[in-house]
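What follows is a single structure, written as structure tokens, with notes after it.
We count ligands from 1, going down the list as the structure has it; atoms in each ligand are counted the same way.
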Amino acid sequence: MEEKIYSIDPVTEELARKAEKEGIETLWDRKKVMKTPCGFGEQGLCCRICAMGPCRISPTEGKGAQKGICGATADVIIARNLARMIAAGTATHSDHGRDIAHVLHMAKRDGNYKITDEKKLLNLAKEWEVEIENRDIYDIAHEVAEIALNEFGKPFGTLRFLERAPEQRKSVWEKNDIRTGAIDKEIATIMHSTHIGCCADAKDLVHKGMRASLADGWGGSMIGTEFSDILFGVPVPRETEANLGVLEEDQVNIIVHGHEPSLSEMMVLAAEDPELLQLAKEVGAKGINLSGMCCTANEVTMRHGVKIAGNLNQQELAVLTGAVEAIIVDVQCIFPALAPLTKCYHTKFITTSPKAKITGATHMEFEEEKALQSAKEIVREAVLNFKNRDTKKVFIPKTKSHAVVGYSVEAIKSQLDRVVNSQLDEGGTLKPLADCIASGVIRGAAGVVGCNNPKVKHDYGHVELMKELIKNDVIVVTTGCAAQAAAKAGLMSKEARKLAGKGLAKVCELVDIPPVLHMGSCVDISRILVLVSELAKLLKVDISDLPVVGAAPEWMSEKAIAIGTYVVTSGIDTWLGVVPPVTGSDIIVDILTNKAEDIVGAKFHVEPDPHKAAQQMIERIEEKREALGLATEAVEA
Ligand code: SF4
Ligand code: SF4
């Protein structure tokens with residue numbers, strides 16, 4: 001068989017080759033044109049934050065420029081660049097969280113946005129000490145939303161959600177002055193401190209980055225997840241399908257791509273609207289087939305089982321099928337390349353957010369005040385476009401995979417209740433999981449998250465790493481494009497238990513789960529923080545003591561850098577499959593991959609080979625087990 005070049009996923013490989021044969025440009029072509037990446041940029045050695053520059057520092061000590069014109073050293077330049085990446089990542093997740101908080105603030109009993117999960121809202125209201133007795137649920141919601149919106153700019157105090165962490169973790173943050181305050185302030189402080197002539201202490205800049213990253217994981221992202229659950233429902237396990245084979249030849253295919261569920265939830269409703277379904281029939285289609293891409297796919301599949309069209313590297317390939325009437329996008333991870341590409345097909349590329357207009361796209365602003373109407377207008381545009389489909393160009397790959405998705409923390413607890421002895425233990429807790437980990441039936445847990453990156457063969461890093469981990473009885477939780485890689489590779493089907501080690505396979509059978517659990521979108525990594533906090537509290541230890549690890553095998557975005565940083569700052573060792581642009585500074589490399597452990601009890605590891613990374617992660621898990629005095633030998637399931 002011919003060797004796969006682009007991807008381990010047969011659908012991606014097939015379509016990428018089709019593009020190559022037909023001379024249609026994709027990300028892989030543009031990557032080729034880049035040839036060897038700039039060595040200065042790759043190592044983080046260039047600075048262009050003022051007009052005296054751009055400056056670049058020689059990678060060879062004692063030879064060439066050793067300082068920028070202002071005197072900034074390589075360490076300072078790299079630390080500033082890194083801090084800015086963290087600030088940008090934190091800003092995207094936080095703006096996402098802010099928008100969802102606004103939507104909760106506008107929710108009305110007779111409006112488009114309603115409260116779906118009252119229990120979750122009431123729990124949060126209690127957590128934030130909001131009066132709930134004898135009050136209308138919407139009044140409570142609006143007060144909770146206002147408190148959340150204040151988290152972005154409050155003048156005093158630290159973030160409310162930091163209180164969810166175990167006491168030991170809070171002390172670590174307190175001791176190191178990492179307890180973050182207002183979300184926007186942390187981002188603004190980084191932009192200020194990294195301005196020319198401001199902070200020139202590499203260590204302090206990394207510290208600022210760590211602090212700001214908590215404003216993402218325990219701030220903006222957690223607000224995004226909690227409020228989306230309140231508005232649109234807490235995910236529960238449900239079946240779905242994944243890969244471009246979910247497109248239908250005889251239906252209007254609409255792909256929602258981006259991040260915010262405030263748009264995609266309305267798209268789900270609009271795609272079921274009887275008038276629009278009738279219109280679809282009138283234009284010759286059998287129906288409307290909605291599917292998702294990137295994190296938007298994760299949001300709607302977790303809550304509605306909407307099919308997953310693909311992950312980051314597949315967005316252009318979706319157009320190449322010739323069967324997509326519209327790609328409807330909001331914010332983040334949307335390739336501008338879609339604009340010229342969609343011009344070669346009938347596909348409409350529709351932007352909807354004032355934050356992400358793209359030249360060459362059709363902009364149809366999504367107005368939250370009249371959300372459903374707005375969504376219907378957009379879907380209508382897609383339906384009418386079915387008439388323009390050129391059937392000669394249609395090529396839908398046959399392959400798609402079955403997956404079970406929807407493992408929120410609440411859903412995991414409810415699955416675990418299947419093995420609770422109701423005479424001895426109360427239900428609705430993570431205790432059975434803690435017991436399985438403590439006894440050694442499951443060795444530990446790994447969060448595998450992040451993007452695709454053409455530096456790694458598409459999905460290879462994710463899938464190989466996850467396979468290796470589950471084979472060694474490490475349960476995997478996953479989000480983002482990593483989750484979609486797992487879904488496409490069949491790792492989220494219950495049949496994937498046969499790929500798991502004996503202990504994990506047994507637990508999966510008893511609890512009735514796959515060995516790889518889909519926990520949602522990138523902001524939903526905050527669910528993992530909640531999960532590990534509860535586990536740590538149950539075992540009366542810090543998060544950094546738990547036999548849990550994290551990995552981003554194919555990361556690419558600034559968001560992923562912010563995520564990796566808050567995961568490490570929360571006490572979880574994290575493996576990166578792509579080298580970050582920091583290697584020009586020994587000091588920064590030493591902090592991230594070594595000294596961070598003395599500060600926050602965890603550090604970064606860089607290992608592009610997923611098999612080696614898996615072995616290192618397993619070793620780390622075993623070290624943690626030993627330190628906790630847990631069974632170091634695998635026990636019979
Ligand atoms: S801040 Fe310093 S290193 Fe950066 S571009 Fe300006 S002069 Fe050069
Ligand atoms: S995992 Fe990465 S590429 Fe995928 S949606 Fe999230 S940030 Fe974007």
Side-chain angles (χ1 to χ4, degrees), residues 27 40 44-58 65-81 84-85 88-93 96 193-200 202 205 216 221 224 256-261 264 292-301 308-316 329-335 356 447-456 458-459 461-462 478-487 518-525 551-564 576-578 584:
L27 76 152
F40 294 97
L45 287 166
C46 47
C47 179
R48 46 151 194 77
I49 64 172
C50 89
M52 291 193 283
C55 300
R56 53 187 204 182
I57 307 299
S58 162
Q66 300 293 299
K67 287 175 188 161
I69 294 168
C70 66
T73 59
D75 301 321
V76 168
I77 289 173
I78 288 169
R80 282 196 306 223
N81 291 344
R84 283 189 169 208
M85 287 180 94
T90 302
T92 54
H93 285 146
H96 173 150
S193 296
T194 56
H195 190 273
I196 158 83
C198 208
C199 185
L205 284 160
D216 178 341
S221 282
V256 277
H257 172 21
H259 283 77
E260 293 183 354
S264 49
M293 190 151 267
C294 281
C295 276
T296 275
N298 291 320
E299 298 279 357
V300 283
T301 200
I308 300 166
N311 52 7
L312 185 86
N313 282 8
Q314 291 179 288
Q315 53 189 294
E316 292 169 275
V329 302
D330 52 17
V331 289
Q332 304 166 27
C333 302
I334 301 144
F335 287 176
V448 181
V449 304
C451 326
N452 291 139
N453 186 324
K455 287 179 178 166
V456 181
H458 175 239
D459 287 353
H462 297 309
T478 180
T479 64
C481 290
Q484 294 159 348
H518 190 317
M519 288 193 79
S521 62
C522 290
V523 293
D524 290 340
I525 295 172
E554 303 181 25
W555 75 273
M556 65 89 201
S557 70
E558 291 166 317
K559 289 181 286 177
I561 284 282
I563 292 167
L576 302 177
V578 176

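Atom numbering of ligand 2 starts at 1 in the shown order; those under 4.0 Å from a heavy atom of G450 are 1 (S). Atoms of ligand 1 lying under 4.0 Å from at least one heavy atom of G68, given by number and element, are 3 (S). Atoms of ligand 2 lying under 4.0 Å from any heavy atom of C522, numbered from 1 in the order shown and given with element: 1 (S), 6 (Fe), 7 (S). Listed by number with element, the atoms of ligand 2 under 4.0 angstrom from any heavy atom of C333 are 3 (S), 5 (S), 7 (S), 8 (Fe). Against a heavy-atom cut-off of under 4.0 Å, M556 is close to the following atoms of ligand 2: 3 (S). Near C70, with a cut-off below 4.0 Å to any heavy atom, the atoms of ligand 1 are 1 (S), 2 (Fe), 3 (S), 7 (S). Of all atoms in ligand 2, listed by their number and element, those nearer than 4.0 Å to a heavy atom of K559 are 7 (S), 8 (Fe). Remark: ligand 1 atoms within the under-4.0 Å shell around heavy atoms of G53 are 5 (S). Residue-ligand proximity, C295 to ligand 2, at heavy-atom distances under 4.0 Å covers atoms 5 (S), 6 (Fe). Each of the atoms 7 (S) of ligand 2 lies under 4.0 Å from some heavy atom of S557. Residue C47 approaches ligand 1 through these ligand atoms, each under 4.0 Å from one of its heavy atoms: 1 (S), 3 (S), 4 (Fe), 5 (S).
With A485, S521, C481 as candidates, the residue nearest to atom 4 (Fe) of ligand 2 on a non-hydrogen basis is C481.
S557 contributes atom OG, which lies 8.0 Å from atom CE of M85 (distance to the nearest 0.5 angstrom). Considering CG of N81 and SG of C46, their distance stands at 6.5 Å, rounded to 0.5 Å.
Closest to atom 3 (S) of ligand 2 among all protein heavy atoms lies C451 CB, 3.3 Å. In terms of protein heavy-atom proximity, atom 8 (Fe) of ligand 1 is nearest to C55 SG, 2.3 Å.
Between the side chains of D459 and N311, at least one donor N or O lies within less than 3.5 Å of an accepting N or O. Checking E554 against N452 by side-chain atom types alone, a donor-acceptor pair falls below 3.5 Å. When only modelled atom types and interatomic distance are considered, N298 and H518 share a side-chain donor-acceptor pair under 3.5 Å. Side-chain contact annotation: K559 with H96, donor-acceptor N/O pair under 3.5 Å absent.
By the 4.0 Å heavy-atom criterion, H259 is counted among the residues contacting ligand 2.
Contacts between R80 and ligand 1, counted as non-hydrogen atom pairs separated by less than 4.0 Å, involve the side chain only.
One of the N, O or S atoms belonging to C50 lies under 2.8 Å away from atom 6 (Fe) of ligand 1.
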